[in-house]
J.: 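Quick one: structure below, then a few questions.
Since we're looking at a predicted model, the values are computed, not measured. Numbers restart at 1 for each chain; the letters A, B, ... are given by sequence-line order, proteins then strands.
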Amino acid sequence: MKDLNFSVIARSSSCNARRGRMNTVHGPIDTPVFMPVGTQASVKSVSPEELDDVGARIILGNTYHLFLRPGTDRIARLGGLHKFMHWSGSILTDSGGFQVFSLARINKIEEDGVAFQSHIDGSRRVLRPETAIECQMQLGSDIAMCFDECTSYPVSYEYALDSMERTVRWAARCREVHTREDQALFGIVQGSVFPDLRRSCLDALMKIGFDGYALGSLSVGEAKEEMMSVLEALTPELPVSKPRYVMGVGTPEDLVEGVRCGVDMFDCVMPTRNARNGTLFTSNGNVQIKNNRYQEDEGPVEPGCTCYTCRRFSRAYLRHLYMSRELLAYRLNTIHNLHYYVGLMSAMREAIEGDTFEDWRRDFHRKRGTGTEPGE
RNA sequence: GGAGAGGUUCCCGAGUGGCCAAAGGGAGCAGACUGUAAAUCUGUUGGCGAAGCCUUCGGAGGUUCGAACCCUCCCCUCUCCA
């Protein structure tokens, strides 16, 4: 395992927000950080250069998807994931645990591992904790994740307990077989919305010892308040000296509240998927670019935004591209959304450093708040 | 001029006596999307506040308890033959 030498550079005096830095083989990462999702060795619709331009320094890859196609062994023979996709920044790979949740209809969970039916060709595949780690070592990501079960919501206490304990046993097996010295390994805290389960899971994972700790199974259908209460209850318990990662979260508001609780890392498909589905994020609220009110709107998506898209194109043009299903729409929208997300994190880092986070946060919510016309 | 086919709700197009405010598709309008089986999915698209009522299937008459659907005349489009 690789120690990321995570250090906290600054803290907010009024909340748990913290600004830190870690060192991966592919460069330093300033936290809090947002990691765009690049499931199949690609952040959908944008090039590595464009990713770099929007300021992304670390992205996600997915073990399950790359295991099925083109095969992690093949990627290893081709020089690893970074070289394969021509991305020189850092990569965190998810273990496939999320697919246990998202492809639940075609898999079967057992103690040894999860039997999947490939969503591509229906063939039967097994992902065991050992397999997931082996695959991630083949991919050569900077940060690997333990193989876990992302539980659905709602879930009974009994099932959550059972699943959480299995996830802990899997984590120990992952830790056992993980041998890459240049790759960090994170544990994943499960336990659904039950505070005692979350806590005992975290305790067990800390006994095993990881380079960072993630919170899983959030934003899977539970109420916002439930997610926040898990965050608020658990973040103070997480080791201060290790990165804290909330998996799969979230909306801009979620990121800000997560940072307030002391979370360092986030990933989410929202900026990329929603871009392709016509929702653009701005500090003044979301813009549904397909709405007919933008038909002849010559302004940029977000006034003052410095992204490639906003510097060049009008809402009217972007609406036209989207309505016409032109491929450029997906790319330009994704560039803007990623620029917004990455910029949001950068603004938060700055606010924490200047110890103005609480004021900044109030301002953020006021501007994003419903009732305000986007961009006006 | 002759023969034939046809005119349906924004568009295409089904429907040929009651279960039709009218299938399906397109286009439009709106919404959803949180470790990506997603360039996807959902809702909606005559009027009125609901049960229900009103207007609507080229136009005008007619038959019938009842017509988008049957009959008559008219208008228009397309194809073929002169």
J.: Using a heavy-atom cut-off of 4.0 Å across all strands, would you classify A:Arg105 as base, sugar-phosphate, or nothing?
T.: base
J.: Please write out the pairs of protein N or O atoms and N or O atoms of nucleotides 27-30 of chain B separated by less than 3.5 Å, giving the distance to one decimal.
T.:
from, atom 1, to, atom 2, distance (Å)
B:rC29, OP1, A:Arg319, NH2, 2.5
B:rC29, OP2, A:Arg319, NH2, 3.3
B:rA30, OP1, A:Asn292, N, 3.4
B:rA30, OP1, A:Asn292, OD1, 3.2
B:rA30, OP2, A:Asn292, N, 3.4

J.: When the C1' atoms of B:rC53 and B:rG7 are considered, how many whole Å apart are they?
T.: 30 Å
J.: Among B:rA38, B:rC33, B:rG35, which nucleotide sits nearest the side chain of A:Thr279?
T.: B:rC33
J.: Determine whether a donor-acceptor pair (one donor, one acceptor, N or O, separation below 3.5 Å) exists between the side chain of A:Ser102 and the base of B:rU36.
T.: no
J.: Base, sugar-phosphate, or nothing for A:Gln190, non-hydrogen atoms under 4.0 angstrom?
T.: base
J.: Using a strict 4.0 Å threshold on nitrogen-to-oxygen distance, state whether A:Glu257 and A:Lys224 make a salt bridge.
T.: no
J.: Please work out if A:Leu60 contacts a base, only the sugar-phosphate, or nothing of the nucleic acid, heavy-atom cut-off 4.0 Å.
T.: sugar-phosphate
J.: Do you know which two heavy atoms are closest between A:Asp112 and A:Arg128, and how far apart they sit?
T.: OD2-NE, 2.8 Å
J.: In terms of side-chain heavy atoms of A:Arg276, which of B:rA37, B:rG35, B:rA38 is nearest?
T.: B:rA38
J.: Look at all strands and tell whether A:Asn277 reaches a base, only sugar-phosphate, or nothing, counting heavy atoms closer than 4.0 Å.
T.: base
J.: Hey, is the side chain of A:Asp94 pairing donor to acceptor with the base of B:rG35 inside 3.5 Å?
T.: yes
J.: Identify whether the distance between the nearest side-chain nitrogen and carboxylate oxygen of A:Asp30 and A:Arg21 falls below 4.0 Å.
T.: yes
J.: Among residues at least two apart in sequence or on other chains, which ones pass side chain to side chain donor-acceptor pair (under 3.5 Å) with A:Ser152?
T.: none
J.: Suppose we screen for side chain to side chain donor-acceptor pair (under 3.5 Å). Which residues come up paired with A:Glu134, at least two apart in sequence or across chains?
T.: none
J.: Can you check the distance between B:rA21 and B:rC75, where both ends of the measurement are the C1' atom (answer in whole Å)?
T.: 27 Å
J.: With heavy atoms under 4.0 Å as the rule, sort A:Leu327 into base, sugar-phosphate or nothing.
T.: base
J.: When you check the gap from the basic side-chain N to the acidic O, do A:Asp73 and A:Arg77 get nearer than 4.0 Å?
T.: yes
J.: Could you measure between the two P atoms, the one in B:rU42 and the one in B:rA50, and give it in whole Å?
T.: 26 Å
J.: Select one nucleotide: of B:rA38, B:rG35, B:rU34, the one nearest the side-chain heavy atoms of A:Ser219.
T.: B:rU34
